[in-house]
Colleague: 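One structure follows; several queries about it will come next.
The sequence lines fix the lettering, A, B, ..., with proteins before strands; numbering per chain opens at 1.
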Protein chains: 2
Amino acid sequence: MITLKDIGRIAGCDISTASRVLNGKPCRVSEEMRDRIHETARQLEYLPNRTASSLANGNTRTVGVLIPNVFDGVYAEYLERLETGFTAAGYAVRPFICHNRPEKENAALDSLLRNEVDAMIAMYYSFDCRDRYERISRSRQPLIFRCVNEIEELPFDTVRMDLTEGYGVLASHLADMGCKRIAVVGGSVASLLACGGNSIPLGYFRAACKARGIAVGPECGIVSGDGQDEAYEAVSRLCKGKSAPPFDGMIVQSTNRVFGVCKALLDAGFRIPETVKAATFSDLSVCRYSPIPVTVWAQPVEEICRALTEATLARLEHPDSPPRKMEFQSTLIIRKSTNPERNA
Amino acid sequence: MITLKDIGRIAGCDISTASRVLNGKPCRVSEEMRDRIHETARQLEYLPNRTASSLANGNTRTVGVLIPNVFDGVYAEYLERLETGFTAAGYAVRPFICHNRPEKENAALDSLLRNEVDAMIAMYYSFDCRDRYERISRSRQPLIFRCVNEIEELPFDTVRMDLTEGYGVLASHLADMGCKRIAVVGGSVASLLACGGNSIPLGYFRAACKARGIAVGPECGIVSGDGQDEAYEAVSRLCKGKSAPPFDGMIVQSTNRVFGVCKALLDAGFRIPETVKAATFSDLSVCRYSPIPVTVWAQPVEEICRALTEATLARLEHPDSPPRKMEFQSTLIIRKSTNPERNA
DNA sequence: GTGAAAGCGCTAACAG
DNA sequence: CTGTTAGCGCTTTCAC
């Protein structure tokens, strides 16, 4: 490995001079010296050791993105957009894929605490990691939240979106389209429903159903793992041997499950949208381009990313400004999977 | 930030003792000392600064993954599987999303050269970055290639897969299913075809077509950007005003385009698979669960990831062992998009 | 203009 | 058993 020492030795100057020149520091160095340094750096193919510079100057010009997975297309999209935005601002992005596992989330947060990244954007968070979040809030390091519920009292910048409201909007829409029995397919939300529990999204769901006179019971929660295969299995099991579908409206928690759900219904001999209707969250391109395009509660990914990027950069610039709270609205995009009249 | 100095001061010992204890170094330290150190570390919520340890001991326990994007589901899958494998082995994974941009690829490779990661797995590479690859080969740092063509003379561990052969296999399959005019929709491959050029995948494609008596001309290359929207546009443009499809077989370069292609055909009034058949690469779950399941040339992602992980760990352990060359076979999975008799 | 020197936080060889 | 010391490669004052 070529170090500053090498280039100093060869160019015939001190390493501090070499450092100054190569970092373009505003100081008066003779033309010849400067050229000589640049030249030998070029010849030796010198690459500064970032670990060492990070240690010396206490920053990394890297922002972390804490994300549950990239297998769900919407997170892939978030990640790529953030990448683009931060690259433009001279920051690298370092994804931390946490798979909903608290120990990984903790590890990611530790990276911030250890100054491995200058800031962290949390695209989700779990309650189990509260300690770390509080600690980060005490340490006053830049943490920016994308959140779906009110993030309680933590003094972070937050970009809030109305995902949970979507359960109400989609339920109302399905009811408007004539559905009488609506199920929720997914993980956490569905399993709370199945066991008679409550939560913010379920509150919206139940209120919407109640307003339209639709009964909601634990059987409306269809629990499945995150993936088309698991969703297919879960719904197939439910349809087995039935001549009519057990539900005529399905709210599916993620794009990662919606095609499994639809295929299970089709394979069971039911028709979408005539007999059963299905809707989901996040407007991924597959939802638009599937042979049966899917109705979605669409979060404005691009704007959210802009807000996240901007908030992060602002926080980095002004560590002591008061926390910003931003909100974003989703839109209902109606497609064929819930409306026979749509061609798309 | 709490440092070793703090814990040494409070526990009443030298920082080196604290370092030894906290790293579980095999050395004889008195029980009380050890306990005191652990205790104060716990109380102060000490987190070692990884930048500093990396600098001091010259490794990061991190492996980089150079990847074109995560928006294409197959790369998302690669990334998540590698994540899992390396986490189990005690290594962190750091994705470098390069968007097919040489400057980003160079930056990723520089991270290896600068020892920001202990090893790098290149999921693809571009010719423009040859310099860096040669330099890495000289520096003898661990770089593992996943490649689709013979990687020339560079002495790296390689995991080769037969993606290019897929163009031949899919063409033969489409011909067997009765196709007479086969198009290739995509980026590089399609545009070379469109301008009459040649390449390894095109070689396979042309040979297969020739063997079945199918004519191939520049019009068979349908160029589109990476995404369903672009693919939809490109194919729609081609179909506009036509009562019969211009092609009866489509080989689509990526899952990221195949739904756009299919929807364009459907919207133009053509039927899949009756009038036009379509096939692609990578067996993503959306291909299985789309209302019209898609025929694919399926790379064995799981095995490849296992091989990549293992090769990387082996290389890290034995930096001087001779380079390993591994090969993996894909399989043709025939589904409804090319075969009317399939239900899936 | 340029060099000497201290220091970022941690590790590891060497003493004692 | 534990402390002293010398780095890792770079940045940044402060002198000359």
Colleague: Which residues pass the side-chain contact (heavy atoms from CB on, under 4.5 Å) test with A:Glu303, not counting sequence neighbours?
Modeller: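 So A:Glu303 forms a side-chain contact (heavy atoms from CB on, under 4.5 Å) with A:Pro300, A:Arg306, A:Phe328.
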Colleague: How close or far is atom P of D:dG9 from atom CG of A:Asp6, stated in whole angstroms?
Modeller: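 Atom-to-atom, A:Asp6 to D:dG9, this comes out as 9 Å.
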Colleague: With sequence neighbours left out, write down each residue that passes salt bridge (charged side-chain N to carboxylate O under 4.0 Å, His left out) with A:Arg114, or none if nothing qualifies.
Modeller: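 With neighbours one apart ignored, the set is empty.
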Colleague: Take B:Leu44 and B:Ile7 through the test side-chain contact (heavy atoms from CB on, under 4.5 Å) and record every step on the way to the result.
Modeller: CA-CA 8 Å; B:Leu44 300 185; B:Ile7 99 106; 4.2 Å; yes
Colleague: Can you name the residues that form a side-chain contact (heavy atoms from CB on, under 4.5 Å) with B:Glu310, not counting sequence neighbours?
Modeller: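 Counting only residues at least two positions away or on another chain, B:Glu310 forms a side-chain contact (heavy atoms from CB on, under 4.5 Å) with B:Arg324.
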Colleague: B:Asp118 has an atom CG; how far is it from atom C1' of D:dC8, in whole Å?
Modeller: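 Computing the B:Asp118:CG to D:dC8:C1' distance gives 15 Å.
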Colleague: Just to verify, what does B:Arg61 make a salt bridge (charged side-chain N to carboxylate O under 4.0 Å, His left out) with, not counting sequence neighbours?
Modeller: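 Per chain and number, B:Arg61 pairs via salt bridge (charged side-chain N to carboxylate O under 4.0 Å, His left out) with no residue.
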Colleague: Per the end-axis method with five pairs at each terminus, what is the bend angle of the helix from C:dG1-D:dC16 to C:dG16-D:dC1, to 10°?
Modeller: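 Overall, the helix from C:dG1-D:dC16 to C:dG16-D:dC1 bends by 50° from one end axis to the other.
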Colleague: Rounded off to whole Å, could you give me the CG-to-P distance for the A:Leu22 and D:dC10 pair?
Modeller: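 Whole-Å distance recorded here is 10 Å.
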Colleague: To the nearest Å, give me how far apart CZ (A:Arg9) and P (D:dC10) are.
Modeller: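 Checked: the CZ to P distance equals 13 Å.
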Colleague: Salt bridge (charged side-chain N to carboxylate O under 4.0 Å, His left out) with A:Arg94: which residues, sequence neighbours excluded?
Modeller: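 Checked A:Arg94 against salt bridge (charged side-chain N to carboxylate O under 4.0 Å, His left out); matches are A:Glu116.
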Colleague: In whole angstroms, how far is the C1' atom of D:dC1 from the CG atom of B:Asp35?
Modeller: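 Rounded to the whole Å, the gap is 15 Å.
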Colleague: Sugar-phosphate means primed atoms, P, OP1 and OP2; the rest is base. With that split, encode nucleotides 6-16 of chain C 5' to 3' as B, S or - using protein heavy atoms under 4.0 Å.
Modeller: -BBBBBBB---
Colleague: Under the side-chain contact (heavy atoms from CB on, under 4.5 Å) test, which residues partner A:Leu55, sequence neighbours left out?
Modeller: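 Partners of A:Leu55 under the side-chain contact (heavy atoms from CB on, under 4.5 Å) test: B:Thr51, B:Ala52, B:Leu55.
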Colleague: Under the rule for side-chain hydrogen bond (donor to acceptor under 3.5 Å, both in side chains), what residues qualify as partners of A:Ser188, not counting sequence neighbours?
Modeller: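 Expected list: none.
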